[in-house]
Chemist: 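Dropping the structure in here first, questions after.
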Amino acid sequence: MFSAIVREPIEPAYVLTLIGADQDGASLLFLGVVRDHNAGRSVGGMRYDTYEEMAAEVLSEIVDEAARSAGTDRIATIHRTGELEVGEVSVAIAVSSPHRAQAYDASRYIIEEIKKRLPVWKKERYSDGAEEWVEGRTPGAPDVAPKADGS
Amino acid sequence: MFSAIVREPIEPAYVLTLIGADQDGASLLFLGVVRDHNAGRSVGGMRYDTYEEMAAEVLSEIVDEAARSAGTDRIATIHRTGELEVGEVSVAIAVSSPHRAQAYDASRYIIEEIKKRLPVWKKERYSDGAEEWVEGRTPGAPDVAPKADGS
Amino acid sequence: MEIRTLFFASYKELLGTGELQVDLPEGATVSDLVSALRARGGAFTVLPAAPAVAVNLTYTDPTSLLSDGDEVALIPPVAGG
Amino acid sequence: MEIRTLFFASYKELLGTGELQVDLPEGATVSDLVSALRARGGAFTVLPAAPAVAVNLTYTDPTSLLSDGDEVALIPPVAGG
């Protein structure tokens with residue numbers, strides 16, 4: 001298992017090298033990417049602010065939980081922080097497992113938990129020069145239906 | 001949208017280049033990989049036999065259906081045929097979409113439909129030299145619970 | 001009429017060939033083709049009575065009528081991915 | 001006792017600082033810390049009365065007792081991924 005908060009660009013091909021074993025028949029790589037719009041506004045980039053020491057711990061816990069639940073320890077998750085442009089990868093989650101259901105379940109669990117409790121915030125930079133913090137979720141609050149503007 | 005049946009090795013990084021758009025916040029890459037065991041036996045490799053003209057059509061239909069249902073046309077799916085060693089990629093499914101649920105749904109739909117109806121067969125080569133066709137699913141037969149030995 | 005008949009995977013191994021030209025009377029169905037094959041005896045009797053079948057690259061019902069020059073594939077249970 | 005208090009994202013911008021040392025009496029809870037901050041007036045009054053809080057890198061209940069030297073972070077709604 002591997003997890004990290006990084007300031008440098010995330011290389012998808014590298015993340016795939018962190019997983020995979022001869023016993024695994026399925027690999028799954030999820031990439032969260034900064035997109036060019038949100039809630040109807042044109043986005044030029046995104047600044048991620050992160051409580052780095054705590055995020056490293058929480059991310060590691062989330063990966064542990066996914067590993068226990070899915071029954072595979074071939075999981076690598078990297079979350080980026082700092083200034084990102086449109087098209088750059090903000091989070092990469094790679095999982096490999098003997099059977100595909102395990103990889104899909106672990107991958108989805110990790111991204112959903114990241115959005116619920118990883119101490120990370122993002123401020124969108126709009127094409128018109130304005131900036132705004134992306135509305136987030138209060139950690140520990142009951143689940144609500146996924147928001148239309150979540151990636 | 002892109003789909004193909006190929007005889008050459010599949011490069012995961014290349015498949016990712018076939019998808020992705022500035023409007024997309026999520027990318028998902030599924031890789032099916034030849035694993036070193038099945039149903040308790042040690043596997044040395046796998047020979048894929050494919051009805052190539054039909055498989056190309058069926059794969060294209062499956063990708064179309066996923067695109068319509070998930071609402072993204074950034075989908076690339078490549079299935080390999082021929083002799084594969086343990087660790088080689090047999091199928092790659094890449095999807096990008098504005099929101100992550102679309103990518104997960106499309107990806108999962110495509111791999112499940114491939115297993116139900118793509119005219120592809122595989123013969124396992126065991127470490128003891130024996131070979132055996134992998135038990136498959138009759139196209140059009142009602143769904144059964146996923147088998148424990150499916151990847 | 002002439003039907004180009006294709007066999008794959010275990011069927012191909014079983015029959016020792018991947019392709020046969022089969023002559024059938026006008027009005028024959030997919031099901032008639034399978035019966036004609038099984039009637040050849042030997043390894044052909046091991047073919048299922050109602051295998052999955054594709055006519056001209058599309059999965060097709062056993063009751064479908066065939067036409068001269070059709071390409072018909074007998075499809076063993078599939079195992080892609 | 002001295003509590004190292006951290007602010008992130010919108011809270012940090014609001015208060016113009018990412019960190020404050022706060023002096024609290026023994027026996028104070030997370031909730032007491034938040035009240036003490038809000039009692040400073042000005043921008044501090046805009047802090048929620050019950051924000052999410054982490055003590056020493058772990059999400060913690062408002063009723064938890066604090067200890068000298070604790071690192072307490074006020075966590076705005078998160079938006080990772």
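Numbers restart at 1 for each chain; the letters A, B, ... are given by sequence-line order, proteins then strands. Quantities reported herein were computed from a predicted structural model and do not represent experimental measurements.
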Chemist: Please classify the contact of A:Y51 with chain D as side chain, backbone, both or neither, using a heavy-atom distance under 4.5 Å.
Modeler: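 Both backbone and side chain.
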
Chemist: Given the rule in the side-chain hydrogen bond (donor to acceptor under 3.5 Å, both in side chains) test, do A:T72 and A:S97 qualify, once you have shown the distances and angles that lead to the verdict?
Modeler: CA-CA 6 Å; A:T72 175; A:S97 53; 5.6 Å; no

Chemist: Taking C-beta and beyond as the side chain, do D:D61 and D:V30 meet within less than 4.5 Å on heavy atoms?
Modeler: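 Side chain of D:D61 against side chain of D:V30, heavy atoms only: no contact under 4.5 Å found.
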
Chemist: Just so I understand: if I count every heavy-atom pair under 4.5 Å between each of D:V78, D:N56, D:L6, D:I75 and chain A, which residue has the most?
Modeler: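 Heavy-atom pair counts peak at D:V78.
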
Chemist: With chain D as the partner, which of A:R117, A:R47, A:E57, A:E61 has the greatest number of non-hydrogen pairs under 4.5 Å?
Modeler: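 Highest number of heavy-atom pairs under 4.5 Å: A:R117.
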
Chemist: Contact part of A:V120 toward chain D, heavy-atom cut-off under 4.5 Å: side chain, backbone, both or neither?
Modeler: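 Both parts, backbone and side chain.
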
Chemist: For A:T50, is it the side chain, the backbone, both or neither that has a heavy atom under 4.5 Å from a heavy atom of chain D?
Modeler: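 A:T50 touches chain D through backbone heavy atoms alone.
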
Chemist: Any donor and acceptor pair, going by atom type alone, linking the side chain of A:W121 with main-chain N or O of D:P76 inside 3.5 Å?
Modeler: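 At least one qualifying donor-acceptor pair exists.
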
Chemist: Could you give all pairs that pass the salt bridge (Lys or Arg N to Asp or Glu O under 4.0 Å) test and reach residues 5-30 of chain A, with sequence neighbours left out?
Modeler: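 Residue pairs passing salt bridge (Lys or Arg N to Asp or Glu O under 4.0 Å), neighbours aside: A:R7-A:E52, A:D24-A:R74.
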
Chemist: Please work out which of the three classes, parallel, tilted or perpendicular, describes the rings of D:F7 and D:F44, given edges at 30° and 60°.
Modeler: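 Ring orientation, 0 to 90° scale: perpendicular.
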
Chemist: For residues 25-51 of chain D, which residue pairs pass the salt bridge (Lys or Arg N to Asp or Glu O under 4.0 Å) check, not counting sequence neighbours?
Modeler: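 Residue pairs with at least one partner in residues 25-51 of chain D: there are none.
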
Chemist: Checking heavy atoms, do the side chain of A:I111, its backbone, both or neither come under 4.5 Å from chain D?
Modeler: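 For A:I111, the side chain is the part near chain D, not the backbone.
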
Chemist: Determine the option with the most heavy-atom pairs under 4.5 angstrom with chain A, choosing from D:P51, D:G18, D:A52, D:A79.
Modeler: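 Max contact count across the listed options: D:A79.
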
